[in-house]
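These values consider heavy atoms only, across backbone and side chains, with no hydrogens, waters or symmetry-generated copies. Proteins come first, then strands; the chains are lettered A, B, ... in the order of their sequence lines, and each starts at number 1.
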Amino acid sequence: MLLQVKDLHASANGTPILKGVNLEVKPGEVHAIMGPNGSGKSTFAKVLAGHPAYEVTSGTMTYDGEDLQELETDERARAGVFLAFQYPVEIPGVSNSQFMRQALNERLKAAGKDELDPLQFDDYIRERVKIVDMDPKFLDRSVNADFSGGEKKRNEILQMAVLEPKLALLDETDSGLDIDALRVVANGINELSTEENAVVLVTHYQRILNYVTPDYVHVMTRGRIIKSGGKELALELEERGYDWITEQEAAQ
Amino acid sequence: MSSNIENILDQPYEAGFVSDVEMETFEPGLNEDVIRRLSAKKNEPEFLLEFRLKAYRHWLQMEEPDWANVTYEKPDFDAIRYYAAPKKKPKKDSLDEVDPAILEVYDKLGIPLQEQKMLQNVAVDAVFDSVSVATTFRKKLAEAGVIFCSFNEAVQDHPELIEKYLGSVVPYTDNFYAALNSAVFSDGSFVYIPKGVTCPMELSTYFRINTQDTGQFERTLIVCEDEGYVSYLEGCTAPQFDTNQLHAAVVELVAFDNAEIKYSTVQNWYAGDEDGKGGIYNFVTKRGICEGVNSKISWTQVETGSAVTWKYPSCILKGDNSVGEFYSVALTNHHQQADTGTKMVHLGKNTKSTIISKGISAGVSQNSYRGLVKMSPSADGARNYSECDSMLIGDRCGAHTFPYIDVRNPTAQVEHEASTSRIGEEQLFYFLQRGIDEEDAISMIISGFCKDVFHELPMEFAVEARKLLGIKLEGSVG
């Protein structure tokens, strides 16, 4: 088991947001977590990654045999947990390649491997940019600064390609993308999926699932996963919306 | 998380040690007699004593300025000693007679004065309390015709140059602290670059305050003749005392036709403790005049220390096509206050100035940019570009911008851009999520923010400056 979440409760500023989430993810799997706005799905991704604004009040998160709560945010990252941000942050004056090289080297160092010098990294990244069909000139620009919304999302997937995480949490990576960009991003995700790693896609829309086929689809509302199924569940949601599930849930 | 950041920010001030060096000092207090004794002690020519006395009399008529965006207890000028010098007087050509205790101080600060240990291409004038104790690489510089010596030596050996240029850019009437400095200045550095000479190495003065209740009043004068070039660096540290010390220096630069002076400062005076106790009052007047056509003066400063900073390195662009530049990083933390910026006064035709100011505030500090761009009626085709960026760390500090723009020529162009940003939780989380720890994250964010300024520093100093900001800032996001 790569990730096992049991009865997870978390709150922000004392307000409970996650109210008992359960999830199991095995290597090689792709999970989609869907749900209406404000259901807690983005919060779930951030809590797994260790965002400081959220406090885990009860429950457990086990990643690769380790209790995630025992690991600091940066330690989780170095252990292979990756979050593609819904709103990637701009870092003026720090070049994209400098940032990614630092991130990769931290990861390599933690794994007891040799770090890459700037020239080695340059060779490496020029291969990786092809995965997201990105112009290498973006490497010399400041991280996300003056990037369009689509370029930022693409840049997140590029970072995923560089860092090769074991568990990739993609937080609404599809939102704000036109159809071409969506296809590129989805192809990137597919290309990076292996038998050893897993992807958890957090999304509001079924659209991206036309390109990335999930093994499981989960529906989250009010801080809990209330329904799980195969990829056909996503289509059903697309057709019928979320209300019928919420009503079903309320009826129980 | 925020407590973590505080911890990283609260690194100790490494230069804060006091050294036991035998000193000769005057009793505290200031009057004409003190000035006469000071001047006599230095065996100064009559014109210099006159200059001092005129300045002193003028100073007595002046009020301490209070327009800056800083609050502090005004210094008691009668509690300050106006002369402190190591007892052992070295001969300037050799280090053999410099008090070993002093050499040790500079070693400890990472500035070995023995030439074989030094950076190969940097000559250093070491000013300890008020007096220059050693100047290195003098022979090599002399071969190129460059004069680089302490101010006092220059007074003895080149009085004609001193008489001609002293006060020519910053008159003693200029402001309260310039007047005080003119009356009591102790020592400093003098640089003369003859016509057509490119100074073969970087010149540097390292200022060290050691004695507790002495004021530091240095005077630096750099004259660069036609087609000359010099790059000059200034570094400063002081011990940790819980009383405030006054540092009121004056720097004057003169550049003639096609000459260029590049003046860089890495200021790390003691800033006071976390509660704002102690620290240096840094009240400095720095000004350069681009006297000749196509001349250029460039100021680069990295200000990290001092309890209170009041400093506006400026350029008077008199020669046609002359260029003035100001690149500044000012960092304040805890209770530090900085009011700093520049004045670009355009007189000549097609003169050009660039101002890049980066203010970083953390803790409960206040950081102000204050700058004047003046386009005179004669400044046809003059241009200025200003960019003032502020970064806030935490939510208890302040960043302020006071740009003054005075345009009296319709063909002049002035551009001003400003921004304010914050190192916030989201930005840090982004780094952490990529596996980069908080310390490296802050250092990368700050280096990125200051990139345009660091770019202007000579390489060794850029590394030094980056390290210094890292130490000062580690851990202050909340």
**Request:** Can you measure from CG (B/D437) to CD (A/E106) and round to the nearest 0.5 angstrom?
**Result:** 6.0 Å
**Asked** Do the ring planes of B/F429 and A/F85 sit parallel (below 30°), tilted (30 to 60°) or perpendicular (above 60°)?
**Response** tilted
**Item:** chain B contact via A/Q98 - which portion, at a heavy-atom distance below 4.5 Å
**Value:** both
**Message:** Does any backbone or side-chain atom of A/P88 lie under 4.5 Å from a heavy atom of chain B? Answer side chain, backbone, both or neither.
**Reply:** both
**Residue B/K352 excluded, over 12 heavy atoms near NZ under 6.0 Å** = no
**Item:** B/R434 CZ to A/L83 CG distance, which is reported to the nearest 0.5 Å
**Value:** 6.5 Å
**Item:** Residues, nucleotides or ligands: over 12 heavy atoms within 6.0 Å of A/R141 CZ
**Value:** yes
**Prompt:** Is the number of heavy atoms from other residues, nucleotides or ligands within 6.0 Å of CG (A/D123) greater than 12?
**Reply:** yes
**Message:** To check you understand the geometry: which heavy-atom pair defines the closest contact between B/E425 and A/H51, and what is its length?
**Reply:** OE1-CE1, 4.3 Å
**Message:** With a 4.5 angstrom heavy-atom cut-off, is it the side chain or the backbone of A/Y87 that approaches chain B, or both, or neither?
**Reply:** neither
**Item:** Residue selection (most heavy-atom pairs with chain A, distance under 4.5 Å) from B/M444, B/K451, B/Q433, B/E426
**Value:** B/Q433
**Asked** chain A heavy atoms under 4.5 Å from B/D452: which part of the residue, side chain, backbone, both or neither?
**Response** neither
**Part of B/F449 within contact of chain A (heavy atom distance under 4.5 Å)** = backbone
**Complete:** Closest non-hydrogen contact found for B/G435 with A/A77 is N-CB, 3.3 Å
**Prompt:** Taking all atoms of both residues into account, what is the closest heavy-atom pair of A/V94 and B/G448, and its distance?
**Reply:** CG2-CA, 4.0 Å
**Request:** Mark yes when over 12 heavy atoms from residues, nucleotides or ligands other than A/N13 sit less than 6.0 Å from its CG; otherwise mark no.
**Result:** no
**Asked** Are any side-chain N or O atoms of A/R78 and backbone N or O atoms of B/I436, one a donor and one an acceptor, separated by less than 3.5 Å?
**Response** no
**Interatomic distance, B/Y430 atom OH to A/E156 atom CD [nearest 0.5 angstrom]** = 3.5 Å
**Asked** Counting heavy atoms not belonging to A/D117, are there more than 12 under 6.0 Å from its CG?
**Response** yes
**Item:** Distance (rounded to the nearest 0.5 Å) between B/D440 CG and A/D74 CG
**Value:** 9.5 Å
**Message:** Heavy-atom cut-off 4.5 Å, strictly under: side chain, backbone, both or neither for A/L163 against chain B?
**Reply:** side chain
**Request:** Using a cut-off of 6.0 Å, state whether more than 12 heavy atoms not belonging to B/H455 lie near its atom NE2.
**Result:** no
